[in-house]
Participant: 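Please see the structure below; I have some questions.
A quick note: this is a predicted structure, and the numbers were derived from the prediction, not measured.
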Amino acid sequence: MGKVYVFDHPLIQHKLTYIRDKNTGTKEFRELVDEVATLMAFEITRDLPLEEVEIETPVSKAKAKVIAGKKLGVIPILRAGIGMVDGILKLIPAAKVGHIGLYRDPETLKPVEYYVKLPSDVEERDFIIVDPMLATGGSAVAAIDALKKRGAKSIKFMCLIAAPEGVKAVETAHPDVDIYIAALDERLNDHGYIVPGLGDAGDRLFGTK
Ligand code: PRP
Ligand code: URA
């Protein structure tokens, strides 16, 4: 079974509070999502392998560590996942970015795939799929399916807020995928929205409501 990490770092929790607040406007919402994505990327890259190199400081020769040439890929689930990409790239600028377009049918709550564009060397990369919300889990499961179908071997899933139902759905369908969450909320409401959640992540990021 994949591991579930809930980040309880005070900075992440503090910023998430303002992200949730309905009085937070689009500009601030976008900035906060970007900042939390950076903080989460710091935690999620904790296990990146290092290698030793030799350098010269102004004082002497030294053996020092750099990240071993790991190939990383960041995959936002469109639309809302886009809001987390730049925050991650600030820390890992060499990562390639792919896109998976899914929307949730408002009647059935089932994800509908409309776009997939991935880096060409899918099999060699470690992927982080990002989406602010893990609600029923339909979108996350479909995105992981889409990535695996094209050859991906190593996938992590990172979101801001998850419902227990979504975590269970990903764990069941993809037990090899670790899940990274800033907050695990109570439940889903009858419309499939996370309670208390933050509302519609795409609309709040892009000001479409
Ligand atoms: C939202 C969110 C997730 C999905 C989560 O996207 O960004 O992708 O819902 O719900 P689920 O876990 O029940 O699948 P939405 O479908 O609203 O599309 P959008 O990002 O284009 O607004
Ligand atoms: N998608 C969102 O944007 N918000 C939710 O609460 C659930 C799905």
Participant: What distance do Ile19 atom CD1 and Ile12 atom CD1 have between them, rounded to the nearest 0.5 Å?
Facilitator: 10.0 Å
Participant: Considering only heavy atoms from C-beta outward, does the side chain of Leu118 approach that of Leu147 to under 4.5 Å?
Facilitator: yes
Participant: Quick check: does any side chain N or O of Gln13 sit under 3.5 Å from a backbone N or O of Phe7, one acting as donor and the other as acceptor?
Facilitator: yes
Participant: Within the distance-only criterion (no hydrogens, no angle test), does the side chain of Arg125 pair as donor or acceptor with the backbone N or O of Gly73 below 3.5 angstrom?
Facilitator: no
Participant: Should we say atom CG of Asp47 is surrounded by more than 12 heavy atoms from elsewhere, each under 6.0 Å from it?
Facilitator: yes
Participant: Give, for atom OG of Ser154 and atom CG of Asp178, the distance between the pair rounded to the nearest 0.5 Å.
Facilitator: 9.0 Å
Participant: Nearest 0.5 Å, please: how far is CZ in Phe127 from CD1 in Ile100?
Facilitator: 8.5 Å
Participant: Apply side chain to side chain contact (heavy atoms under 4.5 Å, CB included) to Val74 and Lys96, showing your working.
Facilitator: CA-CA 6 Å; Val74 180; Lys96 294 271 194 311; over 6 Å; no
Participant: Is there side-chain contact between Thr38 and Ile88, with heavy atoms separated by less than 4.5 Å?
Facilitator: no
Participant: Hey, could you give me each pair passing ring-ring contact (aromatic ring centres under 6.0 Å, His included) that has a residue in residues 14-64? Not counting sequence neighbours.
Facilitator: His14-Tyr18
Participant: Please walk me through it: do Asp185 and Val195 pass side chain to side chain contact (heavy atoms under 4.5 Å, CB included)?
Facilitator: CA-CA 6 Å; Asp185 276 11; Val195 181; over 6 Å; no
Participant: Kindly indicate whether the side chain of Thr136, heavy atoms from C-beta on, has any atom under 4.5 Å from the side chain of Lys110.
Facilitator: no
Participant: If you count the non-hydrogen atoms of other residues, nucleotides and ligands that lie under 6.0 Å from CD1 in Ile67, is the total more than 12?
Facilitator: no
Participant: NZ of Lys156: more than 12 outside heavy atoms within 6.0 angstrom?
Facilitator: yes
Participant: When the ring planes of Tyr114 and Tyr103 are compared, do they come out parallel, tilted or perpendicular, using 30° and 60° as the limits?
Facilitator: tilted
Participant: Are Ile44 and Leu72 linked, directly or through intermediate hydrophobic residues, by side-chain heavy-atom contacts shorter than 4.5 Å (ILVMFWY only)?
Facilitator: yes
Participant: Return the set of residues passing side-chain hydrogen bond (donor to acceptor under 3.5 Å, both in side chains) with Thr57 (not counting sequence neighbours), or none when no residue passes.
Facilitator: none
Participant: Evaluate the side-chain proximity of Val33 to Arg204: yes if any heavy-atom separation is below 4.5 Å, no if none is.
Facilitator: no
Participant: Is any side-chain heavy atom of Arg20 less than 4.5 Å from a side-chain heavy atom of Pro196?
Facilitator: yes
Participant: In terms of side-chain geometry, is the basic nitrogen of Asp200 or Lys209 positioned less than 4.0 Å from the acidic oxygen of its partner?
Facilitator: no
Participant: In plain terms, say whether Asp34 and Lys90 are close enough for a salt bridge, that is, a side-chain N and a carboxylate O under 4.0 Å apart.
Facilitator: yes
Participant: Assess whether a salt bridge exists between Lys168 and Glu171, defined as any Lys/Arg side-chain N lying under 4.0 Å from an Asp/Glu carboxylate O.
Facilitator: no
Participant: Would a single hydrophobic cluster contain both Leu188 and Val6, if residues Ile, Leu, Val, Met, Phe, Trp and Tyr are joined by side-chain heavy-atom contacts under 4.5 Å?
Facilitator: no
Participant: I'd like to check Leu78 versus Leu102 (side-chain heavy atoms, cut-off strictly below 4.5 Å). Are they in contact?
Facilitator: no
Participant: Using every non-hydrogen atom in the two residues, find where Ala80 and Gly202 come nearest and quote the distance to one decimal.
Facilitator: CB-N, 3.8 Å
Participant: Begin from the C-alpha positions of Ile144 and Val170 and carry the test side chain to side chain contact (heavy atoms under 4.5 Å, CB included) through to its verdict.
Facilitator: CA-CA 9 Å; Ile144 299 166; Val170 174; 3.9 Å; yes
Participant: Just verifying a value: how many Å separate Glu43 CD and Leu91 CG, rounded to the nearest 0.5 Å?
Facilitator: 11.0 Å
Participant: Show, in sequence, the C-alpha distance, side-chain angles and deciding distance for Thr208 and Arg79, and conclude whether the side chain to side chain donor-acceptor pair (under 3.5 Å) test is met.
Facilitator: CA-CA 11 Å; Thr208 40; Arg79 290 177 297 168; 3.1 Å; yes
Participant: What distance separates Ile55 CD1 from Lys65 NZ, expressed to the nearest 0.5 Å?
Facilitator: 12.0 Å
Participant: What distance do Arg150 atom CZ and Lys117 atom NZ have between them, rounded to the nearest 0.5 Å?
Facilitator: 11.0 Å
Participant: Examine Ile161 and Phe206 and state if one hydrophobic cluster contains both, with Ile, Leu, Val, Met, Phe, Trp and Tyr joined whenever side-chain heavy atoms are less than 4.5 Å apart.
Facilitator: yes
Participant: Treating Ile, Leu, Val, Met, Phe, Trp and Tyr as nodes and any side-chain heavy-atom pair under 4.5 angstrom as an edge, say whether Leu109 and Ile77 lie in one connected cluster.
Facilitator: no
Participant: Could you check whether any side-chain N or O of Lys153 sits under 3.5 Å from a backbone N or O of Gly151, counting only pairs where one atom can act as donor and the other as acceptor?
Facilitator: yes
Participant: Do Leu39 and Lys15 touch side chain to side chain, with heavy atoms closer than 4.5 Å?
Facilitator: yes
Participant: Salt bridge (charged side-chain N to carboxylate O under 4.0 Å, His left out), that's the test. Do Lys71 and Asp126 meet it? Break it down for me.
Facilitator: CA-CA 6 Å; Lys71 291 184 161 189; Asp126 289 347; over 6 Å; no
Participant: When you group the ILVMFWY residues by side-chain heavy-atom contacts below 4.5 Å and let the links chain together, are Val116 and Ile129 in the same group?
Facilitator: yes
Participant: Please answer whether the main-chain N or O of Leu205 pairs with a side-chain N or O of Arg30 as donor and acceptor at a distance below 3.5 Å.
Facilitator: yes
Participant: Write down the atom of Met133, the atom of Gly199, and the distance for their closest heavy-atom approach.
Facilitator: CE-O, 4.1 Å
Participant: Taking the hydrophobic residues Ile, Leu, Val, Met, Phe, Trp and Tyr, and joining any pair whose side-chain heavy atoms are under 4.5 Å apart, which ones share a cluster with Tyr193?
Facilitator: none
Participant: Phe157 versus Leu134: any side-chain heavy-atom pair under 4.5 Å?
Facilitator: yes
Participant: Taking the basic N atoms (NZ, or NE/NH1/NH2) and the acidic carboxylate oxygens, is any pair closer than 4.0 Å for Lys148 and Asp176?
Facilitator: yes
